[in-house]
Colleague: 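Below are the structure tokens for one structure; questions will follow.
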Amino acid sequence: DKELIQNINAIENLEVFISCGSLEGNGMIQNNKELYNMMSQNKNITVSNVVFENENHNTAWVTSSNRAIVLLYKRTADID
């Protein structure tokens, strides 16, 4: 989507955490990978992508939320 790419390219100093569960299927995993690849092209965005093994859409969100908080707050603390 051209508009999405333009919006992503206009962003500065953004921290992004993307994840899914390995049991969510190839479609979701491929979408995660494509989003990661698109966002990581912008030098102003720090992006991480994790596929949690043996997790599905109903279970991955807990692990994902915890990991995102730890990862993003750690980076913020390292900057301060």
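Along the sequence shown, residues carry numbers from 1. Since the model is a prediction, treat every value here as computed from it, not as a measurement. Hydrogens, waters and symmetry mates are skipped; everything else that's a heavy atom, side chains included, is used.
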Colleague: For residues 18-26, which side-chain N or O atoms pair as donor and acceptor with protein atoms under 3.5 Å away, sequence neighbours left out?
Modeller:
residue	atom	partner	partner atom	Å
S19	OG	S64	OG	2.4
S22	OG	N54	N	2.8
E24	OE1	H57	ND1	2.8
E24	OE2	G21	N	2.6

Colleague: Give every residue pair that meets the side chain to side chain donor-acceptor pair (under 3.5 Å) criterion with at least one member in residues 31-43, sequence neighbours excluded.
Modeller: Q30-E34

Colleague: To which residues is V51 joined in a hydrophobic cluster, defined by side-chain heavy-atom contacts under 4.5 Å among Ile, Leu, Val, Met, Phe, Trp and Tyr, whether direct or through other members?
Modeller: I29

Colleague: When you compare the side chain of L14 with that of T46, does any pair of heavy atoms fall below 4.5 Å?
Modeller: no

Colleague: What distance do E15 atom CD and L71 atom CG have between them, rounded to the nearest 0.5 Å?
Modeller: 7.5 Å

Colleague: Partners of S65 by side chain to side chain contact (heavy atoms under 4.5 Å, CB included), sequence neighbours excluded?
Modeller: W61

Colleague: Once rounded to the nearest 0.5 Å, what's the spacing between atom CZ of F17 and atom CG of N49?
Modeller: 8.0 Å

Colleague: Taking all non-hydrogen atoms of both residues, which atom of M39 and which atom of V47 are closest, and how far apart?
Modeller: C-CG1, 4.3 Å

